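This report refers to the structure that appears directly beneath it.
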Amino acid sequence: MNETEQNERVLAIDIGGTKTAAALVDGAGRVLSRGRVATPDTDDPIVLVEAVGGLAQQVLGAAGAAIADVSAVGVSCAGIIDTQKGVVVFSPNIPSLRRTPLRSMLSERLGMPVRVGNDATLAALGEWQFGLNRAVADLVYITVSTGIGGGIVAGGKLYEGSCGAAGEVGHMVIDVNGPECPCGRHGCWESLASGRALAERTALRIEEGEASSIGELVGGDLGKIDAQLVSIAAQQGDALAQEMIATTAFYVGVGLANLINLFNPSLILIGGGLSKIGEALLGPAAAVAKERAYVADACDVEIRSALLGDDSPLLGAAALAMGRIA
Ligand SMILES: [Zn+2]
């Protein structure tokens, strides 16, 4: 990286279902100032764009900067995004974004060119550019939380697909007769291996009368079960919780095997809430992946936790703003 690149300043914005984060980021991926707000609960895109604009001004102001001090703006957003047109086609948890020309709306509000991309795709880019310093050329990043998302770097370049929608790995079909997915289809990876799947599977078993300390942990309200709670119960020796995490790890591993066969990555990074369970999940998932992947005998693949934590989509948005997608 030359001096001009290092001195570059961009504004990065990450719009999620519950919160929106923004940061002023330099060319080395350092966060100079940051802020966040609750994503407005609205179906009016103008309200959302106003909230993002206000947050952007606050973050710039905190660093004594103005919009003229940045070279570009990058936005990561949950949902299906047509990156050619800069349109958010659909975002399951952000009702204001439906066929919304987010790029042009934000560009007008901020007075600056804006680039927009999918949050998991950009998380892969952030991990690659600023977590790994492009140490590998073939990387798959997945985030396993309430749902499952992913991003791909192939041949030293962000892989975006024909309209920017590549990497929706959570909706690979793992079991054609599997449970219904929030997307309305059946047996998607997300319906079997996500935090939501883990919680629902656990609640069902307790409802059926299985003994577990989890019932007491939630005071009998099974709707309060989440992945973190199951993880805590597993650490305390609860047999059902341990079994549920093992089942989830198995399904995570099956999906990873498919990704290994498709992309032959040298590295798979796993982020998102479920990755915080750590080795109890990642170890068995990696073992299943290597056992089931057709190409695993030919090439080794390293599977480990992501490096940038919650900042990976934000730093990916910064990399996108800088045009560093290869
Ligand atoms: Zn699905």
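Remember, predicted model here, so these are calculated numbers, not experimental data. Reckoned from all heavy atoms, side chains included, excluding hydrogens, waters and symmetry mates. Counting starts at 1 for both ligands and their atoms, in listed order.
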Check: P265 and L139 side chains under 4.5 Å, non-hydrogen atoms: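 Result no, sub-4.5 Å side-chain heavy-atom pair not found.
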When you compare the side chains of [X] and [Y], does any donor N or O come within less than 3.5 Å of an acceptor on the partner?
| X | Y | value |
| --- | --- | --- |
| S266 | D138 | no |
| T42 | S96 | no |
| T248 | R201 | yes |

The Zn ion (ligand 1): protein N, O or S atoms [distance under 2.8 Å]: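 Less than 2.8 Å away from the Zn ion (ligand 1) sit H171 ND1, C181 SG, C183 SG, C188 SG.
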Those residues that, when tested against R9, pass side chain to side chain donor-acceptor pair (under 3.5 Å) (two or more places apart):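 Applying side chain to side chain donor-acceptor pair (under 3.5 Å) to R9 gives none.
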Whether S312 side chain and D310 backbone form a donor-acceptor pair below 3.5 Å: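 Here the side-chain-to-backbone pair does not exist.
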